[in-house]
Amino acid sequence: MLELRLNVEDIARVRVISTLGASFETHFAWARLTDQQRDGFAEWRRAARIRMRRVSAAHGAPSAPSGPPAMEPALSLLETLTSPVPRETDLFHTAAVQPFWDRILRTLKAERDACGRAMLAGGMEHVLNSLHGSVRWEAPVLRIDNSQPGRQTDLAGRGLTLVPSLFAPQPFLIDAALGWSGLPVLVYNVTPAPEAAAALWQGREGESALRALLGRTRADVLVTLQDARSTGEIAEQLQISNPSASKHVTVLRRAGFVTTERRENSSVHLLTPLGEAILG
């Protein structure tokens, strides 16, 4: 656990900014892409992988042996702090973050504004205690429960910058221990609620229209097949029965949205180009 000691001068110098920039978010988005869970980023992963394949094909980028094309961002964490605007050659940012950046930025600005309102309502102590479940203020110590090596740090009047992040996996401190020579920065992750996530990643009525066309479950099956899956895996992912999953796949295959391949001793289903196109 990290323990930051803040004196009165530090408290007075705490500031909240909306973001450390698109490069910073892109750095952490890469790790989020590989998560295998149904969360607020599931729709983003689906859309990002589709765009990555398109960008990869357009630029002749090599593909990884499995999974998405090999587009890992080139900038290190510290490099993103001094180069907040991604390079033009950053294909992962182009495919996975840039299309959503305006909405991501609005979300982070809204979080910053919420901190401002909390400050007016209850002071900086209220802000520090409401940042994240893993961050706790017990004057004069701010405790951060994360995976960084435990240590105690006295801010000694330097102050602290608080920054929300959409893609960061946990709250963490950026300071001299990481090689950063600027003022200490506490990044904390914000997780969008399901309704907010839908607005973030869809931004259009595309998915609702798809569900109206195909039916909710059948549309969900189509989305799930962004990654090749067996019938059993589809059923498990969507929490439906195997016969129901098989029926939906059959209908989608007849419509030309899905194809089925034999791999080793099992059959797997995956999207056809038409299936990818209808998902956008």
Side-chain angles (χ1 to χ4, degrees), residues 1-35 71-90 92-93 96-98 101 104-105 107-109 111-116 119 124-125 127-191:
M1 180 178 291
L2 299 179
E3 294 187 354
L4 306 183
R5 181 173 292 272
L6 285 73
N7 60 29
V8 174
E9 194 173 356
D10 290 313
I11 293 292
R13 292 182 174 177
V14 173
R15 65 179 185 136
V16 185
I17 64 175
S18 57
T19 181
L20 289 173
S23 290
F24 182 85
E25 291 296 326
T26 300
H27 178 86
F28 287 103
W30 178 261
R32 284 283 191 183
L33 185 71
T34 61
D35 287 347
M71 294 183 181
E72 186 170 0
L75 295 180
S76 68
L77 173 60
L78 291 183
E79 286 173 333
T80 68
L81 302 181
T82 54
S83 301
V85 179
R87 300 169 180 170
E88 292 183 3
T89 55
D90 189 336
F92 175 68
H93 170 78
V97 177
Q98 187 179 55
W101 181 243
I104 292 172
L105 191 56
T107 299
L108 298 177
K109 286 181 176 178
E111 172 64 21
R112 177 203 59 193
D113 294 345
C115 285
M119 172 68 182
M124 183 51 67
E125 291 190 352
V127 173
L128 295 176
N129 264 326
S130 59
L131 285 180
H132 191 277
S134 299
V135 178
R136 187 173 74 257
W137 169 251
E138 295 176 349
V141 176
L142 184 66
R143 293 183 170 86
I144 306 156
D145 188 5
N146 64 11
S147 61
Q148 290 180 285
R151 55 188 169 91
Q152 296 180 342
T153 300
D154 192 335
L155 295 185
R158 291 174 295 166
L160 181 67
T161 300
L162 306 176
V163 188
S165 170
L166 193 65
F167 288 110
Q170 62 178 357
F172 67 97
L173 182 68
I174 301 174
D175 64 354
L178 291 182
W180 174 240
S181 59
L183 294 176
V185 177
L186 175 58
V187 177
Y188 64 97
N189 54 305
V190 294
T191 302

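From Leu142, atom CG reaches atom CZ of Arg5 across 12.0 Å, with rounding to the nearest 0.5 Å. Rounded to the nearest 0.5 Å, atoms CD1 (Ile104) and CZ (Phe167) are 4.0 Å apart. Ser23 OG to Leu81 CG: the interatomic distance, rounded to the nearest 0.5 Å, is 9.5 Å. Put simply, OG on Ser83 and CG on Leu78 are 11.0 Å apart, with the number rounded to the nearest 0.5 Å. Expressed to the nearest 0.5 Å, how far SG of Cys115 lies from CG of Leu131 amounts to 5.5 Å. Rounding to the nearest 0.5 angstrom, the gap separating the CD1 atom in Ile11 from the CE atom in Met124 is 7.0 Å.
Between Val135 and Leu128, the closest side-chain pair of non-hydrogen atoms is not below 4.5 Å. Residues Phe24 and Val187 are in side-chain contact: their nearest non-hydrogen atoms beyond the backbone lie under 4.5 Å apart. Counting heavy atoms from C-beta outward, Trp137 and Val127 have side chains that stay 4.5 Å or more apart. The shortest side-chain heavy-atom distance between Leu178 and Gln148 falls under the 4.5 Å cut-off. Annotation: side chain of Leu2 is in contact with side chain of Asn146 (closest heavy-atom distance under 4.5 Å).
Closest approach of Pro164 to Glu111, counting heavy atoms only: CB-CG, 3.5 Å. In terms of heavy-atom proximity, Arg32 sits nearest to Pro169 at NH2-CA, 3.9 Å. Taking all atoms of both residues into account, the shortest heavy-atom contact from Asp10 to Gly159 is OD1-N, 2.9 Å. Pairing each heavy atom of Ala29 with each of Val97, the nearest pair is CB-CG2, 3.9 Å. Scanning both residues, Arg112 and Ser18, for their nearest heavy atoms gives CD-N, 3.9 Å. The shortest heavy-atom contact between Gly21 and Thr19 is N-OG1, 2.9 Å.
Salt bridge status for Asp175 with Arg151: present, with a side-chain N to carboxylate O gap under 4.0 Å. With salt bridges taken as basic N to acidic carboxylate O contacts below 4.0 Å, one links Arg136 and Glu138.
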Trace of the side chain to side chain contact (heavy atoms under 4.5 Å, CB included) decision for Tyr188 with Ile144
CA-CA 10 Å; Tyr188 64 97; Ile144 306 156; over 6 Å; no
Please evaluate residues Leu6 and Leu4 with respect to the criterion side chain to side chain contact (heavy atoms under 4.5 Å, CB included), reporting the C-alpha separation (whole Å), side-chain torsions for both, the decisive distance (0.1 Å), and the verdict.
CA-CA 6 Å; Leu6 285 73; Leu4 306 183; 3.9 Å; yes
Kindly determine whether Phe172 and Leu77 satisfy side chain to side chain contact (heavy atoms under 4.5 Å, CB included), including the steps that lead there.
CA-CA 12 Å; Phe172 67 97; Leu77 173 60; 4.2 Å; yes
Would Leu162 and Leu160 satisfy side chain to side chain contact (heavy atoms under 4.5 Å, CB included), going step by step from the backbone distance to the final call?
CA-CA 6 Å; Leu162 306 176; Leu160 181 67; 3.8 Å; yes
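A donor-acceptor pair shorter than 3.5 Å cannot be found between the side chains of Gln170 and Ser134. Between Glu25 and Ser165, the side chains place a donor N or O and an acceptor N or O closer than 3.5 Å (distance only, hydrogens not considered). Side-chain contact check for Glu9 and Asn7: no donor-acceptor pair (N or O, by modelled atom type) lies under 3.5 Å.
Here the side chain of Glu79 pairs a donor or acceptor atom with the backbone of Ser76 at under 3.5 angstrom. Side-chain N or O atoms of Arg158 include none that pairs as donor or acceptor with a backbone N or O of Pro184 at under 3.5 Å.
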